[in-house]
Every structure is written in structure tokens, then in C-alpha cells.
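The figures that follow rest on heavy atoms only: side chains count, while hydrogens, waters and symmetry mates do not.
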Amino acid sequence: MSTTAHALEPLASPRRARAGIALVFGVHGAVSGSFVTRIPWIQDRLDLSPGQLGLALVMPAIGSSLAMPLAGRFVHRYGGRAAVRGLISLWCLALALPALAPSLPVLCVALLAYGASAGMADVAMNAQGVEIEQRLGRSIMSGLHGMWSAGGLLASGFGILAAHLDLDARLQLAVTALVLLALAQPVCRNLPDLRAPEGAEEPPRFALPPRSSLVIGLVGFCAVFAEGASMDWSGVYLRDVTGASATIAAASYTAFSLTMAVSRLCGDAVVRRLGAVRTTRLGGAVATVGGLLVVVADSPALAIPGFALIGIGIAVTVPLAFAAAGRIGSNPSQAIAGVATVTYTSGLVAPAIIGALAQATSLTVSFGLVTALAFALLLSAGALRRAERNSPGSGSGAEDAATATTPPGGTSAKDLSAI
């Protein structure tokens with residue numbers, strides 16, 4: 001998969017491959033968006049306290065972290081197309097599990113399985129996205145993550161409607177799971193059947209991620225921390241600090257999510273023009289300005305643009321981190337899993353850290369930390385430079401993709417043993 005060692009074969013059908021992986025990202029986001037909207041129903045049905053619900057909601061992150069390293073073995077053994085189809089199907093079916101849980105312990109087990117399937121599908125589809133990006137010779141990862149955001153927003157809209165109509169979440173999530181499962185099957189047919197070279201060594205079940213991916217993961221950590229803090233606490237900040245009405249405070253999540261989705265869908269054009277490092281630094285500067293606006297805000301008119309700028313600034317950082325991880329070393333999926341684990345951990349701890357710091361000081365101080373991490377993107381963006389030298393359109397990788405010929409029998413990668 002790395003362009004540093006081998007020429008890349010072109011895709012037999014570039015448009016179909018790009019459309020296929022984009023729709024896979026959309027389906028993955030739709031599963032997540034569907035579940036989030038019915039969390040209050042699950043809490044009410046099981047009569048969970050905030051602490052019990054918080055414990056249950058930690059389980060998906062734990063499941064993802066434990067299962068992510070297994071994704072590379074699935075891709076190696078069954079090929080990229082079959083692995084993505086199988087894992088995204090498993091993720092769709094897992095959507096029905098949480099609402100069926102009759103008790104807190106069973107809910108925790110269901111969410112552990114839900115998170116495990118999410119993590120494996122995430123690694124497999126990002127590895128496939130990086131491979132397709134390199135074959136196309138241009139940046140597409142930001143747009144793919146934009147499709148994830150768009151899928152989540154669309155599905156959450158249906159979830160909100162179902163909640164408004166007081167539909168039983170067990171029925172709604174089961175039907176949604178089957179619909180998304182059916183949609184995923186034809187979508188995955190458009191993916192190239194990327195396979196490891198014959199005789200390549202199978203990746204280990206569990207292995208520590210390479211050090212280079214951890215450095216890239218820290219870039220993603222800063223962005224995801226700001227994302228998680230803003231999504232979970234923007235409404236509270238607007239209500240408690242700026243005196244916003246309940247309606248304006250409640251709409252803050254949707255506004256922030258829309259900003260992220262639009263920025264990601266438009267982000268590839270910026271990356272192609274500026275490159276990964278300069279784009280990340282520009283994004284860090286924009287997010288820092290946004291954070292400063294939030295910190296000094298005494299009215300919604302100042303805080304809302306601040307949160308919007310944070311969303312714009314960090315939108316493309318995580319896609320760039322995944323793309324960078326997929327272009328270094330000889331084991332791309334292991335590197336992607338390492339970056340995903342670090343970034344997911346950030347999303348897990350961010351809301352808790354913001355809450356604890358706010359309890360000890362104030363929400364304004366908490367978002368001072370968010371601003372500092374946004375500024376850290378300016379300093380840490382250089383971690384993407386090594387991967388940028390091998391990025392699409394930057395030299396030999398793109399030229400190889402344009403001049404190589406398709407081998408008999410398909411589009412197998414020269415160095416796919418890792419994904």
C-alpha cells in the first residue's frame with residue numbers, strides 16, 4: 001500500500017470505487033447517528049441514573065480499542081472488499097442490540113459488542129479509503145469523513161422524528177439496522193477487491209502500533225478533544241455562560257455538526273492546494289481564534305461563531321491523520337488502528353475532563369484548555385510531513401499511479417499484507 005516502495009496499480013473503475021467507499025462511510029455514520037438519538041429512550045426504559053448511563057456509554061470505546069487490531073487480519077484473509085462488507089454488515093446488525101438489553105449488565109455487553117464492530121469496520125474502511133485515494137492520485141479522505149458526518153446527520157433526523165412520534169426504539173433500531181444492512185450490500189460491490197500478495201505473512205492478532213502512528217495520533221487527539229468538548233458542552237456553555245435560551249442551546253449540536261460536515265465535504269480541495277501540513281496549521285489557527293471567541297464570549301452572538309470556527313478548524317484534521325497513518329511503514333492498517341485508538345480515547349476522555357475542570361473552576365477555563373489544544377495543532381502539524389511527501393499528487397506516488405498498468409485478474413496491491 002505504501003507508495004514509497006512500490007508503484008500503485010490504477011483502479012479499474014475509479015468513480016465506482018470512490019462512490020462505493022463514500023457510501024460505506026455514509027452507512028457507518030448513519031448507524032452511529034441512529035443510536036445516539038435513542039439513548040434517552042434506553043435510559044428511561046432501564047431507569048438508569050446518569051452515572052449508570054455514563055458507565056454504559058464507556059463500553060463502545062473500550063470495545064473499539066480492543067477489537068481494532070483484528071481488522072487487519074480480516075482484510076488480509078478475505079480481501080478488502082469482503083472484509084469491509086462483512087464488518088460494515090456486522091456494525092449495522094449491532095445497532096439493534098442496545099435497545100433489546102433488559103438490564104444494565106446486558107446493556108454494557110451489548111455496547112461492548114457494538115463498539116467492537118464499529119472499531120473494526122472503521123479501520124477496514126479507512127484503510128480501503130487510503131488505498132483508493134492513493135490509486136486515484138488525489139485527496140479524498142476529508143470528503144469521505146464528510147460523508148460519515150452527513151450520514152450521521154441524516155439518520156439522526158429520522159431518529160429524532162421516531163422519538164417525537166414516541167416509537168418503540170426496539171422496533172425503530174431493528175428496522176433501521178435491516179435497512180442499512182440491505183443498503184450496504186450493493187454499496188460494497190463497487191469496492192475494488194484489494195488483496196495481499198500471495199504468501200504474505202498474516203498480521204498478528206494484537207500488536208502495539210508503530211511509534212510513527214502515535215505521533216500522528218497526537219495530532220488527531222488534539223482535534224478530537226476539541227470536537228468532543230464542543231459537541232457535548234456547547235449547549236451547556238451557551239445556556240450557563242452566555243444566557244442563551246433553551247432552544248438556541250439545544251440547536252448548538254446540530255449547528256456544530258453541520259459545520260463539521262460541510263467543512264469536511266469541501267476539505268479535499270483545500271488539501272490538494274495547500275497540502276496536509278499547511279492545511280492542519282491553517283485549521284489550528286482558525287480553531288484557536290474560535291476558541292478565543294468562546295472564552296471571551298458574554299453573549300450567544302459571540303459564542304456561536306466561536307464554536308463554528310472550532311468546527312471548521314478541526315474538521316479535516318482526523319481524516320488527514322488517518323490518511324497519513326496509511327502512508328507510512330509496512331503495516332498501514334496497524335498504523336491506522338493506532339491513530340484511531342488514540343483519537344477515540346481523546347473523544348472518550350474529553351467530555352469528562354471538561355466537566356471535571358468546570359466543576360473545579362469554570363466552563364470558561366475548560367474551553368481555555370480546548371483553545372490551547374487547538375493551538376497545539378499549529379505546533380504538531382509537522383508530524384504529517386513525512387506522509388505528505390508520499391501523498392497523492394505530490395510526486396512519485398501520483399506518477400506511479402498514472403503510469404502503472406492493471407495486472408491480469410484485478411487490482412491487487414503490491415504491499416497490501418498490512419491492511
*Roughly how far, to the nearest 0.5 Å, is the CG atom of Asp47 from the CG atom of Leu53?*
11.5 Å
*Got Leu107 and Leu48 here, is their nearest side-chain heavy-atom distance under 4.5 Å?*
yes
*asked:* Could you measure the distance from the NE2 atom of His28 to the CG atom of Leu23? Nearest 0.5 Å is fine.
replied: 14.5 Å
*asked:* A side-chain contact here means heavy atoms from C-beta on lying under 4.5 Å apart; do Ile62 and Met59 qualify?
replied: yes
_Give me the atom names and distance for the closest heavy-atom approach of Leu377 to Cys222._
CD2-CB, 3.8 Å
*Do the non-hydrogen side-chain atoms of Phe221 and Thr343 ever get within less than 4.5 Å of each other?*
no
_When you compare the side chains of Ser89 and Gln185, does any donor N or O come within less than 3.5 Å of an acceptor on the partner?_
yes
*Report the C-alpha separation of Arg38 and Gln172 in whole Å, then their side-chain angles, then the decisive distance to 0.1 Å, and conclude whether the side-chain contact (heavy atoms from CB on, under 4.5 Å) test is met.*
CA-CA 9 Å; Arg38 303 317 306 264; Gln172 183 237 325; 2.7 Å; yes
*Quick one: closest heavy-atom pair of Val24 and Cys188, and the distance?*
CG2-SG, 4.1 Å
_Val342/Ile216 under side-chain contact (heavy atoms from CB on, under 4.5 Å): CA gap, chis, key distance, verdict_ = CA-CA 9 Å; Val342 174; Ile216 294 171; over 6 Å; no
*Please answer whether the main-chain N or O of Ala101 pairs with a side-chain N or O of Arg45 as donor and acceptor at a distance below 3.5 Å.*
yes
_Side chain proximity check, Thr288 to Leu309, heavy atoms < 4.5 angstrom_ = no
*Can you measure from CD1 (Ile88) to CZ (Phe25) and round to the nearest 0.5 angstrom?*
9.0 Å
*Donor-acceptor pair, Arg272 side chain versus Ser139 backbone, under 3.5 Å?*
yes
*asked:* Evaluate Ile353 against Leu369 for side-chain contact (heavy atoms from CB on, under 4.5 Å), listing each step before the verdict.
replied: CA-CA 10 Å; Ile353 291 176; Leu369 174 61; 4.0 Å; yes
*asked:* Quick check: closest heavy atoms across Ala297 and Leu302, and the distance to 0.1 Å?
replied: CA-CD2, 3.6 Å
*Where is the tightest heavy-atom contact between Leu191 and Gly20, given as atom of each residue plus distance?*
CD2-C, 3.7 Å
*Does Arg85 use its side chain to pair, donor to acceptor, with the backbone of Arg81 at less than 3.5 Å?*
no
*asked:* Just verifying a value: how many Å separate Asp44 CG and Ile39 CD1, rounded to the nearest 0.5 Å?
replied: 12.0 Å
*Does any non-hydrogen side-chain atom of Arg16 lie less than 4.5 Å from one of Arg189?*
no
_Can a donor-acceptor pair be found, under 3.5 Å and without considering hydrogens, that links the side chain of Ser362 to the backbone of Ala358?_
no
*asked:* The test is side-chain contact (heavy atoms from CB on, under 4.5 Å); show your working for Ile354 and Phe225 and say whether it passes.
replied: CA-CA 10 Å; Ile354 293 297; Phe225 190 101; 4.0 Å; yes
*Drop me the distance from Leu180's CG to Ser34's OG, to the nearest 0.5 angstrom.*
6.0 Å
*Donor-acceptor under 3.5 Å (Thr280 side chain, Thr317 main chain)*: no
*With the side chain counted from C-beta on, respond yes when Tyr237 and Leu363 share a heavy-atom pair under 4.5 Å apart, and no when they do not.*
yes
*If we ignore angles and hydrogens, is there a donor and acceptor under 3.5 Å between the side chains of Ser149 and Arg264?*
yes
*Measuring from Thr371:OG1 to Leu292:CG, what's the distance to the nearest 0.5 Å?*
5.5 Å
*Of Ile21, Asn126, Val318, Leu320, the residue whose pairing with Met141 passes side-chain contact (heavy atoms from CB on, under 4.5 Å)*: Asn126
*Could you check if a side-chain atom of Phe322 sits within less than 4.5 angstrom of a side-chain atom of Val123, using non-hydrogen atoms only?*
no
*Are Gln43 and Ser49 close enough, and set up right, to give a side-chain hydrogen bond (donor to acceptor under 3.5 Å, both in side chains), and what steps lead you there?*
CA-CA 8 Å; Gln43 181 182 19; Ser49 69; over 6 Å; no
_Can you classify the ring geometry of Phe307 versus Phe367 as parallel (below 30°), tilted (30 to 60°) or perpendicular (above 60°)?_
perpendicular
*Shortest non-hydrogen contact between Ser299 and Thr242, atoms and distance*: C-CB, 3.6 Å
*What is the minimum heavy-atom distance between Tyr114 and Ser32, and which atoms define it?*
OH-CA, 3.8 Å
_Is any side-chain heavy atom of Ile42 closer than 4.5 Å to one of Phe35?_
yes
